[in-house]
Amino acid sequence: MRYAMMPALGVLFTLMGCENVPETVTVYPVSGQILYDGKPAAGVQVFFVPTSAPMVPQIPSNPHAVTGPDGRFKISTYGEGDGAAEGGYQILLLWPETVEENEESTQDKLLGWYDGAHSKLTVDVKTGANEIPVIAIKPITRPPEELKGIPGKN
């Protein structure tokens, strides 16, 4: 009788273990390039904030990338350059000032024009490979006006 219960216990433990495994959302390759004053912008941090796409906790973190020396980037969600889930995103950019080699400051070379309150950049990720049109940024000399009120409410 004891041995008759063993298969049932094995199935029960297997099912309990499967409950803790999160479902992986399918992602699609997304790449692009950022130019500043017509030249490749290296070291720009690119963040995709979901507007109509899966978000944390459905995915481990918001899709993100950092531009290389040629200004090109490949978005990552689960692993290096794997892409983003299908849906809409606001694109945020942060370009930290380099203080010394391998050190960054909190100063943004883009002066806040592409933060969550000011960026007008968007993308719709579709099934298959996605190439974002070149993001060409003109020279920035001053920060944007400070927004009054609550974003999305006023």
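Computed from a predicted model, the values in this text were never measured in an experiment. Side chains are part of it too, since the values below use all heavy atoms of this structure and drop only hydrogens, waters and symmetry mates.
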Exactly one of L93, N62, L94, I75 should register a side chain to side chain contact (heavy atoms under 4.5 Å, CB included) with F47. Which one does? L94
Please examine the side chains of E86 and T127, heavy atoms only from C-beta on, and report whether any two atoms are closer than 4.5 Å. yes
All heavy atoms of P69 vs all of A42, minimum pair found to be CA-CB, 3.7 Å
Side-chain donor or acceptor of D37 paired with backbone N/O of P139 under 3.5 Å: no
Report yes if some heavy atom in the side chain of W113 is under 4.5 Å from a heavy atom in the side chain of K120; otherwise report no. no
Side chain to side chain contact (heavy atoms under 4.5 Å, CB included), paired with P143, selected from D115, L111, D108: L111
Heavy-atom closest pair (E131 atom, G32 atom, distance to 0.1 Å) is OE2-CA, 3.7 Å
Given 3.5 Å as the limit, does a donor-acceptor pair link the side chain of T67 with the main chain of R72, or not? no
Ring-plane angle category for Y89 and F48, please: parallel below 30°, perpendicular beyond 60°, tilted otherwise. tilted
Of the non-hydrogen atoms in V125 and A84, which two are nearest, and what is the gap between them? CG1-O, 3.7 Å
Donor-acceptor pair, distance only, cut-off 3.5 Å: does the side chain of Y36 make one with the backbone of G71? no
Measure across Q45 and P96 and return the closest heavy-atom pair with its distance rounded to 0.1 Å. NE2-CG, 3.5 Å
Distance-minimising heavy-atom pair for S119 and I91: OG-O, 2.5 Å
K74, NZ: over 12 other non-hydrogen atoms inside 6.0 angstrom: no
Check: Y114 side chain, V46 main-chain N or O, donor-acceptor pair, under 3.5 Å: no
More than 12 heavy atoms of other groups within 6.0 Å of E80 CD: no
Looking at Q33 and D70, would you say the former's side chain and the latter's main chain have a donor-acceptor pair under 3.5 Å? yes
Just so I know, are the side chains of I137 and W95 near enough to count as touching, which here means a heavy-atom distance under 4.5 Å? no
Spell out, as yes or no, whether a donor-acceptor pair under 3.5 Å connects the side chain of T77 to the backbone of G83. yes
V25 versus Y78: any side-chain heavy-atom pair under 4.5 Å? yes
